[in-house]
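Everything below concerns the one structure shown next.
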Amino acid sequence: MEVLFYFLALPFLFLLSLYLINTSKHKPKTKTKTGFKTYPILGVLPDFLKNKFRFLDWTTEILINAPNNTAVLYRPSRIHSIITANPDVVEYILKTNFENYPKGENQFIIFLKDFLGRGIFNSNGDLWKFQRKTSLHEFNTKSLRKFCVENAGIEISTRLIPMIAKAGETGQVLDLQDMLERFAFDSICKLAFNVDPCCLGGDGNAGSDFMRAFEKASRLSSGRFLYPLPILWTLKKFFNLGSEKSLRNSIKIVYDFADKIIRSRLEKQNEKKKDEDLLSRFIVDTENSPEFLRYVVISFILAGRDTISSVLTWFFWLLASNKEAEEKILNELEMIRKKYRKNVGDTYTYSFDAIRDMHYLHAAISESMRLYPPVAVNTKACLNADIQPGGTFIGKDWFITYNTYAVGRMESIWGKDCLEYRPDRWLENGMYRQESSFRYPIFHAGPRICLGKDLAYVQMKAIASSIIGRFEVDVRDKEKCRESLLSLTLRMQGGLLFNAKERFVG
């Protein structure tokens, strides 16, 4: 059916080409040279199709050599775009001229609306401000920080560590990415919704089904951005064909799971049972429909599950080929145990203060995110025509993308060793040194900077320190170059297989 769809679409594309020939005079004037090869009528389409499945590396190669590390993409339509890896441009669109660069309705929101609705990642204006304000109250509380550490500690000691230990005893090969996705899913559900789906090491079949559907919905939704013309996925959606049919089915599973969580919470509200979690605050503070609450649930699962698992998968892969960095982490953990005189026993879990003092581990994770950011690209729309820092013109209703993956590979920012994994670049006198969020936009920047940044670091450090301190992680084919899977987050193609061996038992 999908092949038939493309065959039927050919006459449409032919007529569109004729239309574009007659409207090609619309091409805007700009004094700035672009780094992308532009073909008559077709714009960058031929090269885009050729490099579609290596989009990040292709655009990085272009931006490295483009003037001001910024380039214009002329598409076969009246809507064009800018792509950049320049920190000055990132600061301009995320902070200096923030109001002129919202999430674009036709350039961004509509692509993800079926999946994310009008959740915090897919909204603007008052709706976005309301969701951020409500969430900010929870993320600012000391109790939430404490719960995050305690929750991670329980998950680590009762599920994660026993699973790895058992696999080590039997010689079982585990997929680190899948395991961490399950861990993070259980953790965010307990943290934000007070629900334990038991997806890691439990009998949570519904949670496992949800996870698979969630990953597919994320991948297929982000895949819409890679269509040469949006009309193609719109037609596939209308006729319920191929990837759009699969997306619809996946979203239904995701929605059913989210609705179940919401119904459970609403029943407790009716019984006047108070719950201290994020979802309850949205229910108490709003008169929004269950449909809106569904988008709250999905947005925070996306933030808490996909990002942490993505970061740590790439982190452990990089660490497998950097034994010097691993040894420094082990030395730091030994000093931490002595400093806090904590009998960590068999689980090697740490207190909040101990985790906060892990400066080298913090640097090692930050360096991993520089090279493999969980959110590799981010897109805004331009409300009114503007001139970017450096002189690049951007037209009204164009969209602009900052490529975080490329920013981390700019020699002008990180030096000649920008492609090397070197955690020490983040340290100054043994202490972690914070970088500008515009040179390092991993957690976004400006008014929309990620609320959960500190909590994410706490959880990632808690997980990494417990695994590294307890096990030797033998990654399969660690020298093999890993392909990235560009979804809403940057996943590793095929996962990360490993064997575990006990270091020692405390």
Side-chain angles (χ1 to χ4, degrees), residues 30 32-36 55-73 80-104 107-108 120-122 124 128 132 225 303 307 311 366-395 398-415 418-419 425-426 433-453 456 486 488-490:
T30 173
T32 304
K33 295 181 180 179
T34 67
F36 294 93
F55 178 81
L56 293 177
D57 290 315
W58 172 54
T59 52
T60 298
E61 291 162 6
I62 296 295
L63 293 174
I64 287 174
N65 298 306
N68 206 38
N69 302 129
T70 302
V72 182
L73 287 88
H80 304 298
S81 61
I82 303 290
I83 187 165
T84 185
N86 187 309
D88 292 336
V89 178
V90 174
E91 182 173 8
Y92 184 76
I93 63 174
L94 298 187
K95 179 184 176 183
T96 309
N97 202 9
F98 173 76
E99 297 297 335
N100 195 45
Y101 295 95
K103 297 279 187 181
Q107 299 91 339
F108 187 90
I120 192 170
F121 300 120
N122 209 38
N124 290 309
W128 164 72
R132 187 173 178 86
F225 289 94
T307 53
V311 171
S366 297
E367 178 72 345
S368 173
M369 288 192 287
R370 178 181 71 83
L371 292 169
Y372 296 97
V375 181
V377 293
N378 214 314
T379 300
K380 302 288 187 179
C382 179
L383 289 182
N384 299 296
D386 200 1
I387 302 294
Q388 298 294 308
T392 304
F393 168 84
I394 180 169
W398 289 22
F399 60 90
I400 181 166
T401 296
Y402 65 91
N403 188 330
T404 307
Y405 181 90
V407 172
R409 286 164 165 72
M410 290 293 123
E411 184 177 318
S412 58
I413 301 173
W414 302 100
C418 61
L419 298 182
R425 76 173 77 243
W426 295 90
R433 176 181 52 80
Q434 187 71 42
E435 183 56 87
S436 162
S437 58
F438 306 109
R439 288 164 54 95
Y440 186 71
I442 304 299
F443 294 93
H444 213 57
R448 294 191 78 135
I449 194 168
C450 177
L451 293 172
K453 174 183 175 181
L486 184 57
L488 294 181
T489 53
L490 191 66

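All values reported here derive from a predicted model rather than from experimental measurement.
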Could you tell me the separation between the [atom1] atom of [X] and the [atom2] atom of [Y], rounded to the nearest 0.5 Å?
X      : Y      : atom1 : atom2 : value
Tyr92  : Ile387 : OH    : CD1   : 8.5 Å
Phe399 : Tyr101 : CZ    : OH    : 14.0 Å
Asn124 : Phe108 : CG    : CZ    : 9.5 Å
His80  : Cys382 : NE2   : SG    : 13.5 Å
Thr307 : Ile442 : OG1   : CD1   : 11.5 Å
Asn100 : Ile93  : CG    : CD1   : 10.5 Å

Next item on the list: Please list, chain by chain and in numerical order, all residues satisfying side-chain contact (heavy atoms from CB on, under 4.5 Å) with Thr59, sequence neighbours excluded.
Entry: Phe36, Phe55, Ile83, Asn403

Checklist line | Sequence-distant partners of Asp88, side-chain contact (heavy atoms from CB on, under 4.5 Å), two or more places apart | finding: Asn86, Pro389

Next item on the list: Could you note down all residue pairs passing salt bridge (Lys or Arg N to Asp or Glu O under 4.0 Å) where residues 374-390 supplies at least one of them, sequence neighbours left out?
Entry: none

Item checked: Of all pairs that satisfy salt bridge (Lys or Arg N to Asp or Glu O under 4.0 Å), the ones with a partner from residues 433-452, not counting sequence neighbours -> Glu428-Arg433, Arg433-Glu435, Glu435-Arg439

Non-hydrogen atoms of [X] and [Y] that approach each other most closely:
X      : Y      : result
Tyr440 : Ser366 : OH-O, 2.7 Å
Asn69  : Ile64  : ND2-O, 3.6 Å
Pro441 : Val90  : CB-CG1, 4.3 Å
Leu371 : Cys418 : CD2-O, 3.6 Å
Phe438 : Gly446 : CE2-N, 4.2 Å
His444 : Ile449 : O-CG1, 3.9 Å

Would you say [X] and [Y] make side-chain contact, with heavy atoms under 4.5 Å?
X      : Y      : answer
Ile62  : Asn65  : no
Ile394 : Ile400 : yes
Leu56  : Val377 : yes
Thr96  : Glu91  : yes
Thr404 : Val375 : no
Tyr402 : Val89  : no
Ser81  : Val72  : no

Next item on the list: Step by step, work out the side-chain contact (heavy atoms from CB on, under 4.5 Å) result for Ile413 and Val407.
Entry: CA-CA 8 Å; Ile413 301 173; Val407 172; 3.9 Å; yes

Next item on the list: Just jot down the ring-ring contact (aromatic ring centres under 6.0 Å, His included) partners of Phe121, sequence neighbours excluded, or say none.
Entry: none

Next item on the list: Hey, can you tell me if Trp398 and Phe393 have their rings parallel, tilted or perpendicular (30° and 60° cut-offs)?
Entry: perpendicular

Next item on the list: Decide whether a cation-pi geometry holds between Arg425 and Trp414; the criteria are a distance under 6.0 Å from NZ or CZ to the six-membered ring centre and an angle within 45° of the ring axis.
Entry: no

Check: Hey, are Thr401 and Thr379 close enough side-chain-wise for a donor-acceptor pair under 3.5 Å?
Finding: yes

Next item on the list: Apply the test side-chain contact (heavy atoms from CB on, under 4.5 Å) to residues Tyr405 and Thr60: give CA-CA distance (whole Å), side-chain angles for both, the deciding distance (0.1 Å), then the verdict.
Entry: CA-CA 8 Å; Tyr405 181 90; Thr60 298; 3.4 Å; yes

Notebook entry, point to check: Given Leu419 and Arg409, is the side-chain contact (heavy atoms from CB on, under 4.5 Å) satisfied, shown in steps?
Noted result: CA-CA 6 Å; Leu419 298 182; Arg409 286 164 165 72; 3.7 Å; yes

Next item on the list: Tell me, please, which residues at least two apart from Arg132 pass salt bridge (Lys or Arg N to Asp or Glu O under 4.0 Å).
Entry: none

Checklist line | Stepwise side-chain contact (heavy atoms from CB on, under 4.5 Å) check, Lys103 with Trp128 | finding: CA-CA 10 Å; Lys103 297 279 187 181; Trp128 164 72; over 6 Å; no

